[in-house]
Amino acid sequence: MSRPRHFLQFKDFSREEFEHLFQRSRWIKDRFKRYERYWPLSDRTLVMIFEKASTRTRLSFEAGMHQLGGSAIFLNTRDSQLGRGEPVEDAAQVISRMSDIVVIRTFEQDIIERFAAHSRVPVINGLTNEYHPCQILADLFTFIEHRGPIQGKTVAWIGDSNNVCNTWLQAAEVFDFQVHVSTPPGYEVEPDRAGLLGTAHYREFADPMAAVRGAALVTTDVWTSMGFEAENDERRRDFEDWQVDEDMMRAARPDALFMHCLPAHRGEEVSPGVIDGPQSVVWDEAENRLHVQKALMEYLLLGRVAE
Ligand code: CP
Ligand code: NVA
């Protein structure tokens, strides 16, 4: 049996494969908007294993699979044997014999890597402590829809160097753009954890106002990611000066977009005026999760579908 392809981190796919996915996402989105049925995955089953909370990821995969003609089964750790210590390798053997594709949201990247190594079917990363590749797939698609190619542009990442930040950094290497990262001291990028080839595609700034200069996109995320709640109070103090506000947006390019993967905390990492303001594309960004992930599932299950 040939090994299935997985999407466990952004760099698992080539730029050329992403270009194909974007082209398919446009086609799938357009058909969906015209209420035209497209059921290429009828009789296929998606299993979704979630060890952390989710609104967008769960809904976009579950609705997306139904819209492609297949079905989706949601398992949380609480009511499956995974929560009672069944080895992830055993779970992978069993689940992948009963389904066609799997999405996992979990803690350490190692868990999803081990599952994938024992899976007969494609595995998609629906967020780990280290990465969130489906999010950046949607974010890039959204940027391109609004502003065209991202190659050569500057993206400013303000805040925590978390899973979403790491994935932006991998995307910069694949698509050849620059990321200006500004984190509080002690929260800097860890290149090994981010899985980077080198440091050519990002630069770190102590001052967030300096980081946004020249940026075509300013983006941020919560100060405390899921799984790190014990650090909440400390992080609130440490990140105080890393709020994306109107002054910061004024220091970026006049046509800069604002993105946030959501859920957001208005008054913490972003001011209400920015997230609800004219430069924000957060709702397009959230909607596009649906379209790009449908293209991703189509690609992993059917290969290159021609229009
Ligand atoms: N952005 C994102 O992944 O949202 P959820 O946590 O709601 O899935
Ligand atoms: N960095 C956040 C993203 C949530 C979608 C977290 O991991 O909680």
Side-chain angles (χ1 to χ4, degrees), residues 7-10 46 48-65 72 74-77 102-112 124-143 155 157-171 179 181-184 187-190 193-195 217 219-232 234-236 238-239 242-244 258-266 268-270 275 280-294 296-297:
F7 188 50
L8 304 181
Q9 48 183 306
F10 197 85
L46 166 71
M48 305 167 61
I49 304 167
F50 278 50
E51 298 204 79
K52 292 176 178 172
S54 170
T55 298
R56 279 143 288 266
T57 306
R58 177 176 179 178
L59 191 56
S60 51
F61 271 110
E62 208 163 320
M65 193 48 159
F74 183 82
L75 286 180
N76 64 33
T77 335
V102 177
V103 178
I104 301 180
R105 169 168 284 202
T106 187
F107 292 90
E108 291 79 26
Q109 181 72 11
D110 177 61
I111 299 172
I112 197 168
I124 297 171
N125 183 344
L127 181 145
T128 56
N129 289 351
E130 287 83 354
Y131 308 119
H132 196 2
C134 294
Q135 182 66 53
I136 305 309
L137 187 60
D139 293 3
L140 288 176
F141 182 70
T142 307
F143 184 89
V155 173
W157 177 271
I158 308 300
D160 190 18
S161 65
N162 62 13
N163 42 11
V164 180
C165 174
N166 287 343
T167 311
W168 268 113
L169 296 173
Q170 287 197 1
V179 186
V181 183
S182 182
T183 65
Y187 296 92
E188 291 86 358
V189 173
E190 297 172 54
R193 186 171 161 84
L217 168 64
T219 183
T220 186
D221 188 10
V222 290
W223 291 340
T224 306
S225 287
M226 291 180 280
F228 297 85
E229 289 81 1
E231 300 171 17
N232 213 358
E234 191 183 338
R235 282 172 171 265
R236 253 201 210 119
D238 293 346
F239 283 82
W242 273 263
Q243 180 185 99
V244 178
F258 173 77
M259 286 191 196
H260 189 310
C261 65
L262 306 176
H265 296 83
R266 287 170 176 76
E268 291 190 14
E269 75 274 6
V270 61
I275 193 167
S280 172
V281 291
V282 296
W283 312 126
D284 290 345
E285 193 189 348
E287 178 193 320
N288 281 333
R289 295 289 303 277
L290 175 71
H291 310 302
V292 299
Q293 289 163 195
K294 285 164 78 175
L296 176 64
M297 290 191 284

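For ligands, and for the atoms within them, numbers begin at 1 and follow the listed sequence.
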Side-chain donor-acceptor pair present, N166, Q9, cut-off under 3.5 Å: no

With backbone taken as N, CA, C and O and side chain as the heavy atoms from C-beta onward, which portion of D160 lies under 4.0 Å from ligand 2: side chain, backbone, both, or neither? neither

Give the residue and atom name of whichever protein heavy atom lies nearest to atom 7 (O) of ligand 2, and the separation in Å to one decimal. N163 ND2, 2.8 Å

Sub-4.5 Å side-chain heavy-atom contact between W283 and T142: no

Which of the atoms in ligand 1, numbered in the order shown and given with their element, are less than 4.0 Å from a heavy-atom of R289? 1 (N), 2 (C), 3 (O)

Test of understanding: given a 4.0 Å heavy-atom threshold, classify the contact between L127 and ligand 2 as side chain, backbone, both, or neither. side chain

Hey, does the Lys NZ or Arg CZ of R58 hover above the aromatic six-ring of F74, less than 6.0 Å from the centre and inside 45° of the axis? yes

Could an N or O of ligand 1 be found under 3.5 Å from any N or O of L127, whether backbone or side chain? no

Test of proximity, M226 against ligand 2: N or O pairs below 3.5 Å: yes

Can you find a pair of side-chain heavy atoms, one from D221 and one from N163, that are under 4.5 Å apart? yes

Which option, K52, R105, R56, M226, owns the non-hydrogen atom nearest atom 6 (O) of ligand 1? R105

Compare all side-chain heavy atoms of F61 with those of T57 and state whether any distance is below 4.5 angstrom. yes

Numbered atoms of ligand 1 (with element) below 4.0 Å of H132, judged on heavy atoms: 2 (C), 3 (O)

Determine the minimum heavy-atom distance between G126 and R105, stating which atoms define it. O-NE, 2.9 Å

State whether the shortest distance between N or O atoms of D221 and N or O atoms of ligand 2 falls below 3.5 angstrom. yes

Using only heavy-atom distances, determine whether the side chains of W242 and T183 contain a donor-acceptor pair under 3.5 Å. no

State, with a plain yes or no, whether a side-chain heavy atom of Y131 is found less than 4.5 Å away from one of Q109. yes

Based purely on interatomic distance, does Q135 place a nitrogen or oxygen under 3.5 Å from a nitrogen or oxygen of ligand 1? yes

Ligand-side contact atoms (ligand 1) for residue partner C261, heavy atom cut-off under 4.0 Å: 1 (N)

Taking heavy atoms and a distance under 4.0 Å, where does L262 meet ligand 1: side chain, backbone, both or neither? backbone

Evaluating non-hydrogen atoms only, which member of N163, V282, T55 is closest to atom 7 (O) of ligand 1? T55

Between Q243, H260, M259, E268, which is the residue that forms a side chain to side chain contact (heavy atoms under 4.5 Å, CB included) with T220? H260

Can you confirm, on distance only, whether ligand 2 has an N/O atom lying under 3.5 Å from any N/O atom belonging to R105? no

Report the residue from N232, D160, N162 that forms a side chain to side chain donor-acceptor pair (under 3.5 Å) with T224. N232

Atom indices of ligand 2 within 4.0 angstrom of L262 heavy atoms, with elements: 5 (C)

T224 near ligand 2 by a heavy-atom separation under 4.0 Å: no

